[in-house]
Amino acid sequence: MINIKLKDGSIMEAQEGLSVLDIASKISEGLARVATAGEVNGEVCDLRTVLKQDCDLNILTFDSLDGKKAYWHTTAHILAQAVKRLYPEIKLGIGPSIDNGFYYDFDIESPFTPEMLEKIEAEMKKIIKEDLLIERFSLPKKEALEFMKEDPYKVELIEELPEGEEISFYKQGDFTDLCAGPHLMSTGKVKAIKLLTSSGAYWRGSENNKMLQRIYGISFPKSSELEEYVNMIEEAKKRDHRKLGKELDLFMVLEEGPGFPFFLPKGMTLRNTLESFWRKKHIEHGYEEIKTPIKLNVDLWHRSGHWDHYKENMYITQIDETEFAMKPMNCPGGMLVYKRKMHSYRDFPMRVGELGLVHRHEKSGVLHGLMRVRAFTQDDAHIFCLPEQIESEVTELMSLIDEIYKLFGFEYSVELSTRPENSMGSQAEWDLATEALKQALDSKNVNYVINEGDGAFYGPKIDFHLKDSIGRTWQCGTIQLDFQMPEKFDLTYIGQDGEKHRPVMLHRVVFGSIERFIGIITEHFAGAFPVWLAPVQVKILPIAEAHVDYAYELKKKFEKADIKVEIDSREEKIGYKIREAQLEKVPYMLIVGDKEVENKAVGVRSRTDGDIGAMDVNKFMDKIEEEVASFK
């Protein structure tokens, strides 16, 4: 008999040799029906995995991230099986689960058409209805190469695996694929599916390789969940920041500068409001602002570790026979600012903020509006503190981040990311840093999940994932604890004992990047920004030429009060002007005609409440100013 510790802490005694699914059935038949995978001693595995010794066991369902991945990975195999049934000549690439669904890459001479996708989806539904048993088996490398000899992409993957390693495969009916798993027990466990899009994708993401065709899809245990997701996708299309950015004249990305967005006047007004808000909040929380150069010589990047860990993402140039790099991060410049003078323990905590423009070489295939660009402004801050101040500084940061996100109406979840493979420093330093972040999270009673191996190369981090108004999540804020940079740059301070000591350093962003955050809030608000943030808060609509002078009088009055205002003085009907202003998502439209001119009033129309009616100009200004003040 073996002892199995379950998620709730209870111990189950079971016979050796039972599978994860057997244990799930013993707990409850209902759990067994919805189980998608297992987690044994922290490692995700198949439900078919046999338990041979004492262990910790967690039964995963679709409600968990890893449970979803197993579900979606299985659906990717169903997609590949359907394609091979319909088009046997097509060669298979890879088909992983992703954050929202799955994809599979295929070597096909021409792109998939909508008609082909419809046909493939119908075949997938047949395979699901057949409820084919999914079986796992493994082969030695030599036999695996022979088994997959007709599939060149699979052969390439197998050839890279170590000698002597058993290579796993999954079989379902007439289809077998190279795969590490885990997978569901049968194809019939998948219920509701939909193929979403197809696009070109280079094999293994390299522009030097052949262009394959990728099909994206999604699946759910219930049809209602699929319907909800599809509705969300349709809503997301309407909210696409690239579409709204063009319609609202906020920004543009041109062929002359792929990945380098142009901000237009209204976009700059929005951006400046956001940056002014950032500065105000940071002054309130005890930050000083700096600005460091965009380009610094490569000696600095060698010292910081970026040359060894990040060079492929950096733009390199030459000045006077010396190599320079455009900064991909603001941190090393912040180190030089710290080193300009000696510091005392009395100076800490030292909070230094920077809205720093950074450049990173992103492949053209991943560029996406403002969400993925090659030049962006990080709202960076570096906090230098004493070891005993770590917990209080992290909790202060969490309070700042919470305050800002709530203002925009965001809910959020938190992840603690631990040491990655490609990292600097000793395990002892990483353990100390990780434990310090855990203590800070626990002291604030924050619910968080651990994201193993996803920390920065110089330290563990806390990531904040925003949830927008239609349920999508975006990773924005981060707090990173760093013992490495102070060591590499020999940062010191004079302690209470009169000796030199090493400070602890925290890196953090709240917005993440100004550009990406603008993209996120554009979609979150569907372009209908709250009054304090709107690039145009008020649009004055004179009914006729005789009312234009009064409109300009109002404009000057509003501008003196820092109210963002425009006039539509075109010789168009007032109904047309109102519709145009509504399409521009302006919070308030002020209609001025004979009565308004005579009474020094305005006819107020709200974006949300419709026609409010006549209002004294000063009272309207008070209304706007109160509304702005209540948000900021």
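Computation of the quantities below employed the complete heavy-atom set of this structure, encompassing side-chain atoms and omitting hydrogens, waters and symmetry-equivalent molecules.
Between Y71 and F220, the distance separating the two ring centers is not shorter than 6.0 angstrom. For H524 and H241, the ring centers sit 6.0 Å or farther from each other. Checked against the 6.0 Å centroid criterion, the rings of F464 and F410 do not qualify as a close aromatic pair. F106 and F112 have their aromatic ring centers within a separation under 6.0 angstrom.
Ionic pairing of E235 and R239 is present here: one or more N-O contacts between side-chain nitrogen and carboxylate oxygen are shorter than 4.0 angstrom. For the pair K126 and E130, the salt-bridge criterion is not met [side-chain N within less than 4.0 Å of a carboxylate O]. Salt-bridge annotation for D177 and K171: absent, with no side-chain N of the basic residue lying under 4.0 Å from a carboxylate O of the acidic one. Using a 4.0 Å cut-off between charged side-chain N and carboxylate O, D463 and K461 make a salt bridge. Using a cutoff of 4.0 Å between basic side-chain nitrogens and carboxylate oxygens, E247 and K585 are not scored as salt-bridged. A salt bridge links E515 with R271: the distance from a Lys NZ or Arg NE/NH1/NH2 to an Asp or Glu carboxylate oxygen falls below 4.0 Å. Using a cut-off of 4.0 Å between Lys/Arg side-chain N and Asp/Glu carboxylate O, K68 and D63 are scored as not salt-bridged. A salt bridge does not link E225 with K191: every distance from a Lys NZ or Arg NE/NH1/NH2 to an Asp or Glu carboxylate oxygen is 4.0 Å or more. Checked for salt-bridge contact, K125 and E121 meet the test: a charged N lies under 4.0 Å from a carboxylate O. Classification of E159 and K149 as a salt-bridged pair fails, no side-chain N sitting under 4.0 Å from a carboxylate O. E207 and K363 are not joined by a salt bridge, as no carboxylate oxygen comes within less than 4.0 angstrom of a charged side-chain nitrogen.
Counting heavy atoms from C-beta on, the side chains of D105 and Y103 come closer than 4.5 Å. The shortest side-chain heavy-atom distance between R214 and S198 does not fall under the 4.5 Å cut-off. Between K327 and H359, every side-chain heavy-atom pair lies at or beyond the 4.5 Å cut-off.
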Requested in this report: Decide salt bridge (Lys or Arg N to Asp or Glu O under 4.0 Å) for E362 and R374; before the verdict, give the C-alpha distance in whole Å, the side-chain angles of both, and the deciding distance to 0.1 Å.
Outcome: CA-CA 6 Å; E362 299 282 5; R374 289 171 168 154; over 6 Å; no
I would like to know whether K91 and D151 meet salt bridge (Lys or Arg N to Asp or Glu O under 4.0 Å); could you show each step before the answer? CA-CA 6 Å; K91 301 297 182 186; D151 292 277; 5.4 Å; no
Practice problem: Could you go through the ring-ring contact (aromatic ring centres under 6.0 Å, His included) check for Y216 and F102 one step at a time? | Solution: CA-CA 6 Å; Y216 289 93; F102 59 89; 9.0 Å; no
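Between H77 and Y170, the ring-plane angle classifies as perpendicular under the 30° and 60° cut-offs.
By the 6.0 Å and 45° rule, K295 does not stack over the aromatic ring of F324.
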